[in-house]
Protein chains: 2
Amino acid sequence: MTVIFSKKCEIGLQAVLFLSAQTPNQRFSAAEVAKKINAPKEFTSKILQDLTGSKIVASKKGKFGGFYLGRNPKDIKLIDIVIAIDGLEIFHKCVLGFKGCSVEVPCPCHDKWGSLRDETYKMLSSETLEELRDSVIRKIDSL
Amino acid sequence: MTVIFSKKCEIGLQAVLFLSAQTPNQRFSAAEVAKKINAPKEFTSKILQDLTGSKIVASKKGKFGGFYLGRNPKDIKLIDIVIAIDGLEIFHKCVLGFKGCSVEVPCPCHDKWGSLRDETYKMLSSETLEELRDSVIRKIDSL
DNA sequence: TTTGAATCGGATTATAGAATCTGATTTAAT
DNA sequence: ATTAAATCAGATTCTATAATCCGATTCAAA
């Protein structure tokens, strides 16, 4: 089987998108988020916790606590979440797994994958969560 | 961490590319292949064995046995190897992992990823191993 | 026909990622 | 202060993938 983003990253992306579709600063328990995006509760909780480290998500403990966006949606892009969870490796390694794939000694996919990789990066970094908001709300509401 | 193809698939791709760069029908032991592509011997052996199932690779047992291409390089494309090992899942699922991502209820990356996914498929299926041969030889020789 | 070099194929082990559990801590309301 | 609701953080378990091991089999050459 093959994967673009790890499960952890997929859930992180969906969880943050969920939060970005809500009224700003409203808090949601990990259980609420997990239920909505149909992911394991404890796993979702852990991922949201992890994301507080990079300030993408913030949390408040205690009664009426929960998770919410840690920064203005104007200042968050999908790539930020990917980097926080999976890192940038996918944007650096050879698709075919060759070590030392380079312009000098390219693999048969070097050039094409180079553009596709760049386009993928652009897809994740050209729009902010604010710009994506309408589209995200539609998606989240349909879940 | 994130991955395009599984390790198994990467090694399978490299191993088949190695074979395609050799004199037709010349046989190579799993150990020789593994050494050249810098992969674990037993794992490479198992992957090559698996690939005999889809006729991409053929093997001959006994003394002077080994692995070699199972079909004419004119009739093998990279996508065949990917399908044999990882399957087509990556070309069907939503990048963000949403269930039921569709034209009606698209995720924020639906359209862009749609084109990138198609381009990736094209990259793997538009040329045969024969057409890639020169490029592959250069790469394999450099290892 | 015997021998040695090799793959085959199934079983096993190791590792990393996914998922869960639990006890401690925080916080707001009473 | 006490309580109840919630996160936090670390330990643990589960699972799929990665990697290895080994006995059985195959085959060609002497």
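Sequence lines set the chain letters: A, B, ... in the order given, protein chains first and strands last, and positions in each chain run from 1. A quick note: this is a predicted structure, and the numbers were derived from the prediction, not measured.
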In a table with atom names and distances, give each donor-acceptor pair under 3.5 Å that connects a side chain of residues 66-75 of chain B to protein atoms at least two apart or in another chain.
from, atom 1, to, atom 2, distance (Å)
B:Arg71, NH1, B:Asp75, O, 2.6
B:Arg71, NH2, B:Ser54, O, 3.4
B:Asn72, OD1, B:Lys74, N, 2.9

Check: What's the spacing between A:Ile140 CD1 and A:Gln14 CD if we round to 0.5 Å?
Finding: 7.5 Å
Next item on the list: Show the numbers, then the answer: is there a side chain to side chain contact (heavy atoms under 4.5 Å, CB included) between A:Leu48 and A:Phe28?
Entry: CA-CA 11 Å; A:Leu48 283 168; A:Phe28 294 86; over 6 Å; no
Could you give the [atom1]-to-[atom2] distance, from [X] to [N], as a whole number of Å?
X       : N      : atom1 : atom2 : value
B:Phe28 : C:dT7  : CZ    : C1'   : 16 Å
A:Glu89 : C:dA16 : CD    : P     : 13 Å
B:Gln14 : D:dA18 : CD    : P     : 14 Å
B:Asp86 : D:dA18 : CG    : C1'   : 13 Å
B:Glu32 : C:dA5  : CD    : C1'   : 12 Å
A:Lys41 : C:dC21 : NZ    : P     : 9 Å

Check: Do you know the tightest heavy-atom contact between B:Gly12 and B:Ile81?
Finding: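 For B:Gly12 and B:Ile81, the tightest heavy-atom pair comes out as C-CG2, 4.0 Å.
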Checklist line | Non-hydrogen atoms of A:Val105 and B:Lys139 that approach each other most closely | finding: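 Closest approach of A:Val105 to B:Lys139, heavy atoms only: O-NZ, 2.8 Å.
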Which donor-acceptor pairs under 3.5 Å do the side chains of residues 34-47 of chain A make with protein atoms, sequence neighbours left out?
from, atom 1, to, atom 2, distance (Å)
A:Thr44, OG1, A:Pro40, O, 2.7
A:Ser45, OG, A:Gln49, NE2, 3.1

Next item on the list: Assess whether side chain to side chain contact (heavy atoms under 4.5 Å, CB included) is satisfied between B:Leu96 and B:Trp113, documenting all intermediate values.
Entry: CA-CA 10 Å; B:Leu96 304 183; B:Trp113 178 246; over 6 Å; no
Check: Using a heavy-atom distance cut-off of less than 4.0 Å, which residues of residues 42-57 of chain A contact DNA chain D?
Finding: A:Lys46, A:Gln49
Quick test: give all pairs of protein nitrogen or oxygen and nucleotides 26-30 of chain D nitrogen or oxygen below 3.5 Å, distance rounded to 0.1 Å.
from, atom 1, to, atom 2, distance (Å)
D:dT26, O2, B:Gly62, N, 3.2

Without placing hydrogens or testing angles, list every side-chain donor-acceptor pair under 3.5 Å for residues 16-25 of chain B, not counting sequence neighbours.
from, atom 1, to, atom 2, distance (Å)
B:Ser20, OG, B:Leu17, O, 2.8
B:Gln22, NE2, B:Phe18, O, 2.9
B:Thr23, OG1, B:Gln26, OE1, 3.4

Margin query: Quick check on DNA chain D: between B:Lys8 and A:Ala31, whose nearest nucleotide comes earlier from the 5' end?
Written below: A:Ala31
Check: Can you list the residues that meet the salt bridge (Lys or Arg N to Asp or Glu O under 4.0 Å) rule with B:Glu131, with sequence neighbours excluded?
Finding: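 Expected list: none.
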Next item on the list: Can you figure out which of C:dA18, D:dA18, C:dT7 approaches the side chain of B:Lys7 most closely?
Entry: D:dA18
